[in-house]
Amino acid sequence: MSGFSLEITEYLEGKISFEEFERRREERKNLEEEENNLNLTFLYLEETSDGVSKSVHRVFASMMGENEEEEEEEEEEEEEEEEETPEQPTAGDVFALEMVLNRETKKMMKATPLAYEPFSTLAMIYEDQGDMEKSLQFELIAAHLNPSDTEEWVRLAEMSLEQDNIKQAIFCYAKALKYDPTNVRYLWERSSLYEQLGEHKLAMDGYRRTLNLLTPFDGDRFMHLARDMAKSYYEASDITAAIEIMEEAFSKHQSLISMEDVNIAAELYISNKQYDKALAVITDFSGIVLEKKETERDSSAENTASEKVTCTIPDGVPIDITVKLMVCLVHLNILEPLNLLLTTLVEQNPEDMGDLYLDVAEAFLDVGEYNSALPLLSSLVCSERYNLAVVWLRHAECLKALGYIERSAESYAKVVDLAPLHLDARISLSTLQQQLGRPEKALEALEPMYDPDTLAQDANAAQQELKLLLHRSTLLYSQGNMYGYVDSLLTMLAMLLKVAMNRAQVCLISSSKSGERHLYLIKVSRDKISDNDDQETTNCDAKAIFVVLTSVLTKDDWWNLLLKAIYALCDLSRYKEAELLVDSSLEYYSFYDDRQKRKELEYFGLSAAILDKNFRKAYNYIRIMVMEHVNKPQLWNIFNQITMHSQDVRHHRFCLRLMLKNPENHALCVLNGHNAFVSGSFKHALGQYVQAFRTKPDEPLYSLCIGLTFVHMASQKYVLKRHALIVQGFSFLHRYLHLRGSCQESFYNLGRALHQLGLVHLAIHYYQKALELPPLVLEGIEADQTDLRRDIAFNLSLIYQSSGNSRMARKLLYTYGTV
């Protein structure tokens with residue numbers, strides 16, 4: 001028993017099933033056979049000192065009775081037990097006897113582990129004790145050791161079913177079929193058990209084998225089984241297999257075909273859109289006759305002949321088959337017999353035959369015969385039993401096709417009332433309401449269908465809601481309702497970016513701060529995000545969410561949707577929310593991993609931050625951009641604008657470090673000069689400006705910057721050679737005047753330098769010349785922004801005010817400084 005004692009122990013303890021026990025036993029058996037084959041030679045080559053094999057010695061020893069003493073002792077013990085046994089045993093004695101028998105049986109099992117009788121005996125003992133579970137376990141082991149007894153396997157299958165162990169019963173039937181593969185009963189029972197477990201394919205395969213084993217004399221059984229199999233295949237949407245089964249039944253047992261079989265076959269053919277075959281089955285086996293008759297028509301020109309189809313339906317044909325005949329005739333465009341058949345149908349009560357009404361009406365709708373379908377559908381919607389959403393939907397579609405928009409809208413509204421989650425009905429109703437000039441009702445039809453909790457758990461609900469929001473957003477945009485349009489876009493994007501928004505600490509809230517309730521994006525702290533959201537952020541697979549949502553929109557469609565939302569937020573001056581939306585999108589891996597989309601999002605974020613006057617955040621964007629594209633002047637212009645408005649000096653060190661890596665960069669040279677100039681490091685600024693001047697000596701700006709640097713150095717309190725600095729400064733300022741030309745700007749800058757040095761009489765001269773000239777006209781900049789007359793007048797008024805000429809100062813302010 002040591003060969004499979006472990007398997008038996010685990011099986012009896014309930015750790016493994018009998019199928020697993022069988023599998024392990026077979027594997028061990030195969031392994032032991034291989035080992036025995038390898039060791040067989042060595043077993044017989046073992047010899048004693050006299051040259052005789054040890055196995056031969058063992059055989060002779062048993063024959064000579066070397067173990068007789070042990071056997072005699074055992075016999076004496078048995079005789080003593082028999083003498084002590086009373087003639088009328090009590091219940092306790094019976095129990096003791098069973099225990100002894102149990103012990104002796106187990107000894108036999110150890111002595112002969114491959115014998116099935118001890119296990120059968122144990123099974124009977126446990127059955128007498130009422131332990132049916134243990135009894136079945138030992139019966140299965142006994143059957144495993146004596147597998148050819150098919151009746152025993154069937155009995156064990158029935159016992160397994162009594163204990164509700166269907167899988168074990170299937171296994172027992174499979175073992176019985178292994179030794180009796182043509183037994184129809186075993187196949188049938190196993191297949192029915194497979195059906196109970198939902199194993200449709202295995203059940204159908206078993207039934208097919210059963211059909212092949214049935215003899216021609218088992219026609220009734222064949223037809224009954226084929227009928228059931230066809231229904232099962234039909235329920236599993238395997239129409240082709242169901243048709244094959246029925247065709248085989250019709251070919252083998254034509255004499256046993258019933259009206260139910262005809263009805264099933266016709267239904268299958270119609271479902272597969274094989275209307276000609278359905279019509280052939282109906283006419284061949286139901287007694288219905290279709291005849292073509294030629295009729296002659298006399299005319300003045302010639303005699304013409306035409307064919308007329310007549311239909312004869314015998315008594316006793318079920319109405320179901322008649323309706324299927326009508327469906328086939330409609331699809332095959334054989335319309336002559338339909339009038340009489342329709343009359344027969346409408347005589348039936350729609351409360352009882354509503355499904356047949358609907359079948360014919362749908363056939364008319366499929367071929368575009370809406371006028372014929374409408375009376376049937378109208379009868380159904382007026383009934384109590386068939387006043388259903390699906391019937392109202394067909395009624396609405398029929399009315400819409402006939403051009404009855406108002407009535408169609410009413411029918412669609414009824415569908416929405418009966419089935420609020422029907423998406424197509426909502427969309428169609430909204431479209432019709434918009435055509436009827438009712439925009440508010442059109443929007444009402446596209447109200448959200450699901451609550452947020454359902455959307456978070458049900459992928460199908462999310463898909464339906466997304467389709468609804470797409471249509472709603474298009475409708476809102478066409479109506480010019482931008483706030484509602486943004487609400488729809490944000491709702492859709494929140495479905496896609498939910499995890500990314502949590503990472504970016506962005507939340508979508510509903511608020512009525514603008515007077516109406518709308519959705520807004522806000523920044524929240526990490527502790528405001530719930531623990532559930534944190535767990536979802538950790539466990540949720542963003543790619544899985546993307547796969548679900550891309551069944552409606554592709555990745556590029558989502559990208560276009562995001563761009564629309566950003567543009568719409570900026571159009572509404574909601575720049576802060578545009579920033580937050582960009583932040584969330586950058587946390588979404590599908591967009592971030594796409595380098596082109598990531599760069600575009602960064603540019604959107606930069607623009608939104610500048611428009612929101614969030615220059616600190618804008619600096620974080622532009623800093624990375626200029627590092628990657630250090631030679632792009634446009635980026636340096638934006639960088640300069642941001643640092644100028646941010647009132648921050650973080651960029652000074654950044655520019656110096658970047659200058660060390662790019663010493664020949666012209667923009668960095670000038671910016672470092674500006675930074676040093678603002679910080680009061682005039683000598684450092686002068687060195688940067690001179691470097692730029694040497695690179696482009698004809699650039700007026702650099703001459704101006706050098707001249708102003710000298711002027712500021714000369715204006716310091718403690719300075720040597722002040723006169724030399726002033727002379728050098730004005731030499732560069734005059735060079736600037738020469739390069740720039742005589743204009744309002746150049747005269748103002750020269751006058752301002754003289755004003756700073758206290759040479760006010762010379763400053764007045766240049767200020768007055770600047771006032772006489774018009775402002776510069778620059779493309780893309782309004783003239784009011786380049787007009788310096790207000791600044792010039794104010795500086796002149798200060799000079800006149802300090803000299804005591806208040807009237808002149810007031811005149812200048814009244815003339816140029818009044819807004």
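Side-chain atoms are counted along with the backbone in the values below, which use heavy atoms only and exclude waters and symmetry mates.
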Minimum side-chain heavy-atom gap R472-E447 below 4.5 Å:
yes
Taking everything shown except R616 itself, do over 12 heavy atoms lie less than 6.0 Å from its CZ?
no
Check whether R426 reaches the backbone of L421 with its side chain - one donor and one acceptor, N or O, closer than 3.5 Å.
no
Think R598 forms a cation-pi with Y592, using NZ or CZ under 6.0 Å from the six-ring centre and within 45 degrees of its axis?
yes
Look up atom CZ in F732 and atom OH in Y689, then write down how far apart they are to the nearest 0.5 Å.
13.5 Å
Any side-chain heavy atom of H666 sitting closer than 4.5 Å to one from W636?
no
With a sphere of 6.0 Å drawn around NZ of K696, does it hold more than 12 non-hydrogen atoms of other residues, nucleotides or ligands?
no
Let me see the working for Y621 and V582 under side chain to side chain contact (heavy atoms under 4.5 Å, CB included), right down to the final yes or no.
CA-CA 12 Å; Y621 280 116; V582 171; 4.0 Å; yes
At their closest point, which heavy atom of D487 faces which heavy atom of H518, and how far apart are they?
OD2-ND1, 2.6 Å
Value for CG (L443) from CG (L476), rounded to nearest 0.5 Å, stands at 5.0 Å
Tell me, please, which residues at least two apart from E772 pass side chain to side chain contact (heavy atoms under 4.5 Å, CB included).
none
Locate the shortest heavy-atom distance separating D791 from D787; write the atom from each residue and the value.
OD1-O, 4.3 Å
So, do R623 and N620 sit near enough that their side-chain heavy atoms are less than 4.5 Å apart?
no
I'd like to know if D424 pairs up with K467 as an ion pair, taking the criterion as any Lys NZ or Arg NE/NH1/NH2 lying under 4.0 Å from an Asp or Glu carboxylate oxygen.
no
Looking at L423, is its backbone amide N or carbonyl O close enough to the side chain of Q464 to form a donor-acceptor pair, meaning the two atoms are under 3.5 Å apart?
no
Between L725 and L720 the two heavy atoms that sit nearest each other are CD1-O, 4.1 Å
When rounded to the nearest 0.5 Å, the distance separating OG of S703 from CG of D698 is 8.5 Å
Using 30° and 60° as the class limits, which term best fits the ring planes of F677 and F682: parallel, tilted or perpendicular?
perpendicular
Without swapping roles, check the side chain of N662 against the backbone of L658 for a donor-acceptor pair under 3.5 Å.
yes
Give the C-alpha distance, both sets of side-chain angles, the deciding distance and a yes or no for side chain to side chain contact (heavy atoms under 4.5 Å, CB included) between N614 and K576.
CA-CA 9 Å; N614 187 353; K576 180 66 177 176; 4.2 Å; yes
So which atom in Q434 and which in S478 form the shortest heavy-atom distance, rounded to 0.1 Å?
NE2-OG, 4.5 Å
For E440, look at atom CD and say whether over 12 heavy atoms of other residues, nucleotides or ligands are found less than 6.0 Å away.
no
Any side-chain to backbone donor/acceptor pair from Q688 onto L671? Under 3.5 Å, distance only.
no
Chi angles and distances behind the side chain to side chain contact (heavy atoms under 4.5 Å, CB included) call for Q691, F693
CA-CA 5 Å; Q691 182 181 348; F693 175 78; over 6 Å; no
Do any N or O atoms from the side chain of S430 and from the backbone of I427 form a donor-acceptor pair under 3.5 angstrom?
no
Using side-chain heavy atoms (C-beta onward) and a distance below 4.5 Å, is F654 in contact with Y619?
yes
Just checking H629: does its NE2 atom have more than 12 heavy atoms from other residues, nucleotides or ligands closer to it than 6.0 angstrom?
yes
Decide if atom NZ of K632 counts as having more than 12 heavy atoms of other residues, nucleotides or ligands within a radius under 6.0 Å.
no
Quick check on side-chain contact (heavy atoms from CB on, under 4.5 Å): which of I706, N749, V711, L754 does L733 satisfy it with?
V711
Scan the side chains in residues 757-767 for donor-acceptor partners under 3.5 Å anywhere in the protein, sequence neighbours excluded, and list what turns up.
unit_1 : atom_1 : unit_2 : atom_2 : d
Y767   : OH     : H755   : ND1    : 3.3
Y767   : OH     : N795   : ND2    : 3.2

Indicate the atoms forming the closest heavy-atom contact of Y816 with A793, along with that distance.
CB-CB, 3.5 Å
Value rounded to 0.5 Å, distance of CG in L446 from CD in E444:
10.5 Å
Do L490 and Y520 have side-chain heavy atoms sitting under 4.5 Å apart?
no
K617 atom NZ, over 12 foreign heavy atoms within 6.0 Å
yes
Rounded distance [0.5 Å steps], CG in L493 versus CH2 in W558
6.5 Å
4.5 Å side-chain heavy-atom contact, M713 and K683:
yes
Backbone N or O of V630 within a donor-acceptor pair of the N665 side chain at under 3.5 Å?
yes
In this structure, is the centre-to-centre distance between the rings of F604 and Y567 below 6.0 Å?
yes
Would you give the length of the straight line joining atom CG of L489 to atom CG of L470, rounded to the nearest 0.5 angstrom?
9.0 Å
Counting distance only, does the side-chain N/O of S679 pair as donor-acceptor with the main-chain N or O of A676 below 3.5 Å?
no
Between E600 and K597, is the salt bridge (charged side-chain N to carboxylate O under 4.0 Å, His left out) condition met? List the steps.
CA-CA 5 Å; E600 195 167 347; K597 287 183 171 57; over 6 Å; no
Hey, is the main chain of L469 close enough, under 3.5 Å, to the side chain of S488 for a donor-acceptor pair?
no
Cation-pi check, R740 onto Y748 ring (under 6.0 Å, within 45° of axis)
no
Indicate yes or no: at least one non-hydrogen side-chain atom of Y800 is less than 4.5 angstrom from one of S806.
no
Start with the C-alpha distance between L475 and Q433, add both sets of side-chain angles, then the distance that settles side chain to side chain contact (heavy atoms under 4.5 Å, CB included), and finish with yes or no.
CA-CA 11 Å; L475 182 60; Q433 296 288 17; over 6 Å; no
Return each pair, listed once, that meets ring pair (Phe, Tyr, Trp, His ring centres under 6.0 Å) where at least one residue sits in residues 449-478; pairs must be two or more places apart or across chains.
Y477-Y485
Would you say F591 and L586 make side-chain contact, with heavy atoms under 4.5 Å?
no
Ignoring hydrogens, what is the shortest heavy-atom contact between A568 and M482? Give both atom names and the distance.
CB-CE, 4.2 Å
